[in-house]
Number of protein chains: 2
Amino acid sequence: MPKYSETEELTGLASELLTHIDVLTQRFLLHKTADLSRTELAVLRTLADGPATMSEVTNSLGMACSSATGVVDRLVDRGLAERTRPDEDRRTVNVALTKRGRHLYDHHTEDRLNLGRGMLEPLEPAERRQLLALFRKITNR
Amino acid sequence: MPKYSETEELTGLASELLTHIDVLTQRFLLHKTADLSRTELAVLRTLADGPATMSEVTNSLGMACSSATGVVDRLVDRGLAERTRPDEDRRTVNVALTKRGRHLYDHHTEDRLNLGRGMLEPLEPAERRQLLALFRKITNR
DNA sequence: TATTGTTATACTCTATAACTATA
DNA sequence: TATAGTTATAGAGTATAACAATA
């Protein structure tokens, strides 16, 4: 007969889980790379799949279009993105990564992958697979 | 003989892990509660352990003290925190939660715990313990 | 003179509302 | 008239540098 109920255990484990996530967030995920803000990175990630209109950018990021204007302004100023007005519909704006923007994004992606490797590094190969199996069950993917 | 090396497997698992973390961040951790910003929550969490000076707040959060002034200003304006000048050293400022601030923080804490429970909910009890054991090994706690 | 905190200033990020250009 | 995007404006969050009060 257990000392406490499954509900009580769940609460304790949930609390501990949140602490672990906080630690990992501090240790790995807030690690800034490439002098790019969270927002700038989100826009670059969207553009990495190919050029997009401002509407597509804002839909993808869930932000107001007036906010996106400023972010893209700064990316353009830094030579990371380019705007063009397509002749098909001159109301829209096409935004695309420049070569430099692509390079910076790839650099960030590699850095991020290293953080992921760093997280798994303390585990044995079998444990890593175990962890991923549990994550799949949680996210249902 | 494996089809690919352990290094290649690590990279693949790391990439998948980061995707799972992104999903969980979107699904659970960015869930806003109680109309408190990230920064405001961080300050409340510091104050929840007891009153603190501005220096203690800024050290705890790793922010510039000029930034903390504004955040605490807004918390005070909203009736969530109070400033006092202690007679022992009148250069310092003591910041403490008000009853309302405490209440709001407790409310947030309970919401957050529910998110943690929600994350573990799809797992069997034994799997939950397994997951936590792996997290302990990763964070070394 | 050293320490604690605020003020001044500036930049990013965000949103709502008004506006321009195009369809 | 409807749509795509920018501009105007405002507030939060951040930092550096200058400043005031206290030790």
Side-chain angles (χ1 to χ4, degrees), chain A residues 25-26 29-47 50-96 101 104 108, chain B residues 25-26 30-47 51-96 101 104 108:
Chain A
T25 300
Q26 279 301 319
L29 302 173
L30 293 184
H31 193 85
K32 290 246 296 184
T33 66
D35 192 30
L36 290 167
S37 74
R38 221 161 254 282
T39 305
E40 289 166 335
L41 269 176
V43 173
L44 292 191
R45 185 161 47 243
T46 297
L47 299 181
T53 63
M54 292 298 289
S55 297
E56 285 165 350
V57 169
T58 58
N59 285 336
S60 153
L61 272 62
M63 75 188 345
C65 51
S66 58
S67 308
T69 295
V71 180
V72 172
D73 279 350
R74 286 183 288 277
L75 292 176
V76 170
D77 287 348
R78 290 173 63 184
L80 305 177
E82 284 175 330
R83 276 189 177 100
T84 50
R85 286 268 182 193
D87 282 337
E88 309 87 77
D89 185 344
R90 296 192 53 73
R91 289 173 304 181
T92 66
V93 167
N94 248 284
V95 190
L104 198 62
H108 156 77
Chain B
T25 300
Q26 279 301 319
L30 292 184
H31 193 86
K32 290 245 296 183
T33 65
D35 193 30
L36 289 167
S37 72
R38 219 161 258 282
T39 305
E40 288 166 337
L41 269 175
V43 172
L44 291 191
R45 184 161 48 243
T46 298
L47 299 181
T53 64
M54 291 298 289
S55 299
E56 286 164 348
V57 170
T58 58
N59 286 336
S60 153
L61 272 62
M63 77 189 342
C65 51
S66 58
S67 307
T69 295
V71 180
V72 172
D73 279 351
R74 286 183 288 275
L75 291 176
V76 169
D77 287 348
R78 291 174 62 185
L80 305 176
E82 284 176 331
R83 277 188 176 100
T84 51
R85 287 267 183 195
D87 283 337
E88 310 86 77
D89 183 344
R90 298 193 51 75
R91 290 174 303 181
T92 66
V93 168
N94 249 283
V95 189
L104 200 60
H108 156 77

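Numbers restart at 1 for each chain; the letters A, B, ... are given by sequence-line order, proteins then strands. Just so it is clear, the values below take in all heavy atoms, side chains as well, and ignore hydrogens, waters and symmetry mates.
Taking Thr25(B) as the reference, Ile21(B), Leu29(B), Leu30(B) meet the side chain to side chain contact (heavy atoms under 4.5 Å, CB included) condition, with sequence neighbours excluded. With sequence neighbours excluded, no residue forms a salt bridge (charged side-chain N to carboxylate O under 4.0 Å, His left out) with Glu56(A). Among residues two or more places apart in sequence or in another chain, the salt bridge (charged side-chain N to carboxylate O under 4.0 Å, His left out) test is passed with Arg91(B) by Asp89(B). Residues meeting the side chain to side chain donor-acceptor pair (under 3.5 Å) test with Asn94(B), sequence neighbours left out: none. With sequence neighbours excluded, the residues that form a side chain to side chain contact (heavy atoms under 4.5 Å, CB included) with Ser60(B) are Thr46(B). Residues satisfying the side chain to side chain contact (heavy atoms under 4.5 Å, CB included) test with Arg90(B), not counting sequence neighbours, are Arg85(B), Asp87(B). Shown here are the side chain to side chain contact (heavy atoms under 4.5 Å, CB included) partners of Ala96(A), two or more places apart in sequence or in another chain: Pro51(A). Taking Asp77(A) as the reference, nothing meets the salt bridge (charged side-chain N to carboxylate O under 4.0 Å, His left out) condition, with sequence neighbours excluded.
Atom CE of Met54(A) and atom P of dT3(D) are 19 Å apart (whole Å). Nucleotide dT3(D) holds its P atom 16 Å from the CD atom of Glu56(A), rounded to whole Å. For Leu61(B) and dA15(D), the CG to C1' distance is 15 Å, given to the nearest whole Å.
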Pairs: protein N or O with nucleotides 19-23 of chain C N or O, under 3.5 Å:
unit_1: dA23(C); atom_1: OP1; unit_2: Arg90(A); atom_2: N; d: 2.9

Can you tabulate the close N/O pairs, meaning under 3.5 Å, that link protein atoms to atoms of nucleotides 7-13 of chain D?
unit_1: dG13(D); atom_1: OP1; unit_2: Ser37(B); atom_2: OG; d: 2.3
unit_1: dG13(D); atom_1: OP2; unit_2: Arg74(B); atom_2: NE; d: 2.9
unit_1: dG13(D); atom_1: OP2; unit_2: Arg74(B); atom_2: NH2; d: 2.9
unit_1: dG13(D); atom_1: O3'; unit_2: Thr39(B); atom_2: OG1; d: 3.3

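Applying the salt bridge (Lys or Arg N to Asp or Glu O under 4.0 Å) test to pairs two or more places apart or on separate chains, those with a residue in residues 61-74 of chain A are Asp73(A)-Arg83(A).
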**Request:** Give the dot-bracket string for DNA chain C, reading 5' to 3', where a pair is Watson-Crick or G-U wobble with both distances under 3.5 Å, ( ) marks pairs inside the strand, [ ] marks pairs crossing earlier ones, | marks a partner on another strand, and . marks unpaired.
**Result:** |||||||||||||||||||||||

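A side-chain donor-acceptor contact under 3.5 Å links Thr58(B) to the backbone of Met54(B).
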